[in-house]
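Side chains included, hydrogens not; waters and symmetry mates left out as well; all remaining heavy atoms used. To find a chain, count down the sequence lines: A is the first, B the second, and so on, and within it residues start at 1.
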There are 2 protein chains.
Amino acid sequence: MAVDLRPSQALKLLHDFNFEMVRDDHDLSARQITILLTIYLEPPPHTVRGLAAKLNVTKPVVTRALDTMGRMEILQRRRDPADRRNVLVHRTVKGALYVERLADLMLAKAKELPL
Amino acid sequence: MAVDLRPSQALKLLHDFNFEMVRDDHDLSARQITILLTIYLEPPPHTVRGLAAKLNVTKPVVTRALDTMGRMEILQRRRDPADRRNVLVHRTVKGALYVERLADLMLAKAKELPL
DNA sequence: CTGAAATGATACGGCTCCGAAACGAATTTT
DNA sequence: AAAATTCGTTTCGGAGCCGTATCATTTCAG
């Protein structure tokens with residue numbers, strides 16, 4: 001189960017994955033994917049400020065990414081009831097399916113790699 | 001040497017790789033990475049038309065990606081002497097180093113994955 | 001040799017994103 | 001309760017990329 005990858009395999013995997021992302025028009029930016037996966041992989045809570053700090057980007061970048069992905073319904077904003085200045089970012093069913101599809105695509109492309 | 005990846009590992013790899021790309025400001029789009037890796041992984045010749053057809057994008061997309069990556073000096077345009085309508089895209093030393101860094105980053109992140 | 005076809009580049013209007021700065025709302029401090 | 005701080009959003013000017021349509025150059029066909 002160890003992940004043992006040769007350079008040529010890594011590049012082919014990178015190429016094939018990005019190719020499919022472009023082809024199927026799942027065109028999230030690197031920033032958006034990073035934000036999305038942070039929310040789905042790391043334990044909550046996730047605030048705008050926290051995400052911005054973690055990714056070394058400005059707050060407006062996070063706000064706009066949440067706008068875009070909120071419109072896609074793969075994320076959800078909710079006001080923090082405890083401190084109403086905060087916005088907490090939550091997962092959605094649609095988002096979980098989207099992330100699952102990302103993983104499936106990656107696994108499929110990994111399986112196709114030449115030994 | 002088989003590439004055996006679990007879904008959680010695939011997502012973490014995707015996250016960590018994109019995170020580093022954002023953090024270091026290597027922010028090529030999915031389209032640009034796909035074009036770049038096509039040129040570095042597949043045998044020449046590479047024409048604008050051929051790349052556009054292979055990636056299901058329009059010719060201006062390829063032209064502009066070549067503009068950008070040409071400015072970065074990771075690719076090089078040359079007129080085809082045999083048919084001067086064609087533009088052939090060539091690798092550069094700087095581009096080869098860039099691609100090598102992509103592979104290194106991917107391998108480093110793969111090695112860090114939890115078993 | 002002239003018109004048609006092929007190739008890549010460009011013009012255009014539209015959209016998204018960027019960082020910096022300013023802003024409103026909520027909270028904390030004094 | 002007034003002032004300062006914190007948090008997320010919005011605004012602004014600027015930049016990049018998108019697809020469609022058009023253009024200039026080169027080649028090919030009749």
Side-chain angles (χ1 to χ4, degrees), chain A residues 18-39 44-90 98, chain B residues 18-39 44-90 98:
Chain A
N18 278 281
F19 175 85
E20 289 295 335
M21 292 287 283
V22 171
R23 204 180 62 75
D24 293 1
D25 221 29
H26 291 166
D27 237 332
L28 291 186
S29 72
R31 280 169 140 101
Q32 290 170 331
I33 287 183
T34 307
I35 291 173
L36 182 68
L37 290 182
T38 297
I39 288 157
H46 301 290
T47 65
V48 171
R49 179 168 189 72
L51 290 167
K54 189 167 298 185
L55 304 179
N56 279 333
V57 297
T58 60
K59 288 188 295 174
V61 167
V62 176
T63 292
R64 285 183 294 245
L66 297 182
D67 288 345
T68 301
M69 295 192 283
R71 254 179 269 126
M72 296 171 68
E73 297 177 328
I74 58 180
L75 286 181
Q76 191 184 2
R77 263 192 266 234
R78 271 190 238 156
R79 215 84 215 179
D80 181 353
D83 182 341
R84 294 177 41 70
R85 285 174 302 184
N86 286 330
V87 160
L88 302 181
V89 185
H90 293 269
Y98 185 94
Chain B
N18 278 281
F19 174 85
E20 289 295 334
M21 292 288 284
V22 170
R23 205 179 62 74
D24 293 1
D25 222 29
H26 292 164
D27 237 333
L28 290 186
S29 72
R31 281 168 139 99
Q32 289 170 332
I33 288 184
T34 308
I35 290 173
L36 181 70
L37 290 182
T38 297
I39 288 158
H46 301 289
T47 64
V48 171
R49 179 168 188 74
L51 290 167
K54 188 167 298 183
L55 306 178
N56 279 334
V57 296
T58 60
K59 286 189 294 174
V61 167
V62 176
T63 292
R64 283 183 296 245
L66 297 183
D67 287 344
T68 300
M69 295 192 283
R71 253 178 270 128
M72 297 170 68
E73 299 177 328
I74 58 180
L75 285 180
Q76 191 182 4
R77 265 190 263 234
R78 272 189 238 156
R79 216 84 214 180
D80 181 353
D83 181 343
R84 296 178 37 74
R85 286 174 302 185
N86 286 330
V87 160
L88 302 181
V89 185
H90 293 268
Y98 185 94

K.L.:
How many Å lie between CG on A:Leu66 and P on D:dT9, as a whole number?
P.N.:
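Distance check: A:Leu66 CG to D:dT9 P gives 7 Å.
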K.L.:
Ignoring backbone atoms, establish whether B:Thr63 has a side-chain N or O less than 4.0 Å from OP1 or OP2 of C:dG8.
P.N.:
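Negative; the distance criterion is not met.
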K.L.:
Is there side-chain contact between B:Leu51 and B:Ile39, with at least one heavy-atom pair below 4.5 Å?
P.N.:
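Yes, side chains in contact.
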K.L.:
What integer distance in Å separates B:Arg84:CZ from D:dT25:P?
P.N.:
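Between P of D:dT25 and CZ of B:Arg84: 12 Å.
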K.L.:
Please state whether the phosphate of D:dT25, meaning OP1 or OP2, lies under 4.0 angstrom from any side-chain nitrogen or oxygen of B:Arg85.
P.N.:
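Result: no.
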K.L.:
To the nearest angstrom, how far is A:Asn56 atom CG from C:dG19 atom P?
P.N.:
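The answer, rounded to whole Å, is 11 Å.
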K.L.:
Return the 5'-most residue of the pair A:Asp67, A:Asp83 with respect to DNA chain D, ranking by each residue's nearest nucleotide.
P.N.:
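The residue whose closest nucleotide sits nearer the 5' end is A:Asp83.
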K.L.:
Shortest non-hydrogen contact from A:Lys59 to A:Arg49?
P.N.:
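Between these two residues, the closest heavy atoms are CD-NH1, 4.4 Å.
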K.L.:
Within less than 4.0 Å of OP1 or OP2 of C:dA9, is there a side-chain N or O belonging to B:Arg77?
P.N.:
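Checking C:dA9 against B:Arg77, a side-chain N or O does come within under 4.0 Å of OP1 or OP2.
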K.L.:
Quick check: closest heavy atoms across A:Phe19 and B:Thr34, and the distance to 0.1 Å?
P.N.:
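Residues A:Phe19 and B:Thr34, closest heavy atoms: N-OG1, 3.6 Å.
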K.L.:
With respect to the phosphate group of C:dT16, does any side-chain polar atom (N or O) of A:Gln32 fall under 4.0 Å of OP1 or OP2?
P.N.:
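No, A:Gln32 has no side-chain N/O under 4.0 Å of OP1/OP2 on C:dT16.
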K.L.:
Would you classify B:Thr47 as touching base, sugar-phosphate or nothing, given that sugar-phosphate means primed atoms plus P, OP1 and OP2, and contacts are heavy atoms under 4.0 Å?
P.N.:
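Sugar-phosphate contact only.
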K.L.:
Quickly work out the B:Ile33 CD1 to D:dC17 P distance and round it to whole Å.
P.N.:
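Rounded to the whole Å, the gap is 13 Å.
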K.L.:
Does D:dG16 have OP1 or OP2 sitting under 4.0 Å from an N or O in the side chain of B:Thr68?
P.N.:
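For B:Thr68, the contact criterion (side-chain N or O under 4.0 Å from OP1 or OP2 of D:dG16) is not met.
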K.L.:
With respect to the phosphate group of D:dC17, does any side-chain polar atom (N or O) of B:Arg64 fall under 4.0 Å of OP1 or OP2?
P.N.:
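No, B:Arg64 has no side-chain N/O under 4.0 Å of OP1/OP2 on D:dC17.
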K.L.:
Apply side chain to side chain contact (heavy atoms under 4.5 Å, CB included) to residues A:Leu37 and B:Asn18 and explain how you reach the verdict.
P.N.:
CA-CA 10 Å; A:Leu37 290 182; B:Asn18 278 281; 5.6 Å; no
K.L.:
Could you tell me whether A:Val61 contacts a base, only the sugar-phosphate backbone, or nothing, with contacts defined as non-hydrogen atoms closer than 4.0 Å?
P.N.:
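Sugar-phosphate only.
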K.L.:
Could you tell me if the side chain of A:Asn56 sits less than 4.5 Å from the side chain of B:Val22, heavy atoms only?
P.N.:
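Result no, sub-4.5 Å side-chain heavy-atom pair not found.
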K.L.:
Please check the phosphate of C:dA6 (OP1 and OP2 only) for any side-chain N or O of B:Asn86 closer than 4.0 Å.
P.N.:
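For C:dA6, neither OP1 nor OP2 has a side-chain N or O of B:Asn86 closer than 4.0 Å.
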K.L.:
Choose from D:dT9, D:dG19, C:dG8 the nucleotide whose nearest atom is closest to any side-chain atom of B:Lys59.
P.N.:
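The listed nucleotide nearest to B:Lys59's side chain is C:dG8.
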K.L.:
Compare side-chain N and O positions of B:Arg31 against OP1 and OP2 of D:dG19 and report whether any pair is under 4.0 Å apart.
P.N.:
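True: B:Arg31 side-chain N/O within range (under 4.0 Å) of D:dG19 OP1/OP2.
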